[in-house]
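Worksheet: the structure to be examined is printed underneath.
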Amino acid sequence: MEELLETLEQAWDDESGLLGKLRSGEFDLEAGEAYVALLSRIPPAGEIIDSTLVRLIWFAPMFIEWQIERASSSESEMAQLKRIADQVQEAVADILGIP
């Protein structure tokens, strides 16, 4: 679990992580696909969930949505980022559940 949390933390890194790069207005498709793959490896939450895991993933779907226009340099890139955003939303819902 520790390695997973470190990898999720790295997604927010300004230089190498998907979310950090988006914060700087840069979309990296490869990083986006790697982030979706990482989320898909996390099993659904049981009754108790690590608060660090929640802290690292709950905000990602909204954050990506907010960055779509700013971080996309073309219509094609915008469509790719929207696809990543949808996949991240689905993965987080699968992990945390829907009320």
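No hydrogens, no waters, no symmetry mates; every other heavy atom, side chains included, goes into these values.
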dist E3:CD -> L8:CG (nearest 0.5 Å) comes out at 11.0 Å
Measure up the W12 and F63 rings against each other and bin them: parallel (under 30°), tilted (30 to 60°), perpendicular (over 60°). tilted
Closest heavy-atom pair, A60 versus L19, reported as atoms and distance to 0.1 Å, is CB-CD1, 4.1 Å
K82 and I68 have their tightest heavy-atom pair at CG-CD1, 3.6 Å
Rounded to the nearest 0.5 Å, the CD1 atom of I42 sits from the CD1 atom of I95 at a distance of 4.0 Å
Using a 4.5 Å cut-off on heavy atoms from C-beta on, say whether the side chain of I57 contacts that of Y35. yes
Contacts satisfying salt bridge (Lys or Arg N to Asp or Glu O under 4.0 Å) that involve residues 13-28 (not counting sequence neighbours) are D14-R23, K21-D28
Rounded to the nearest 0.5 Å, the CD atom of E6 sits from the OG1 atom of T52 at a distance of 11.5 Å
Scanning both residues in full, the closest heavy-atom pair of G25 with R70 reads N-NH2, 3.4 Å
Pair R83, Q80: side-chain N/O donor-acceptor within cut-off below 3.5 Å: no
All heavy atoms of L39 vs all of A91, minimum pair found to be CB-CB, 3.6 Å
State plainly whether the residues R55 and E9 are in salt-bridge range, i.e. N to O under 4.0 Å.
-> yes
Separation between CD (E33) and CG (L38), nearest 0.5 Å, reads 14.0 Å
query: Any side-chain heavy atom of L53 sitting closer than 4.5 Å to one from L96?
result: no
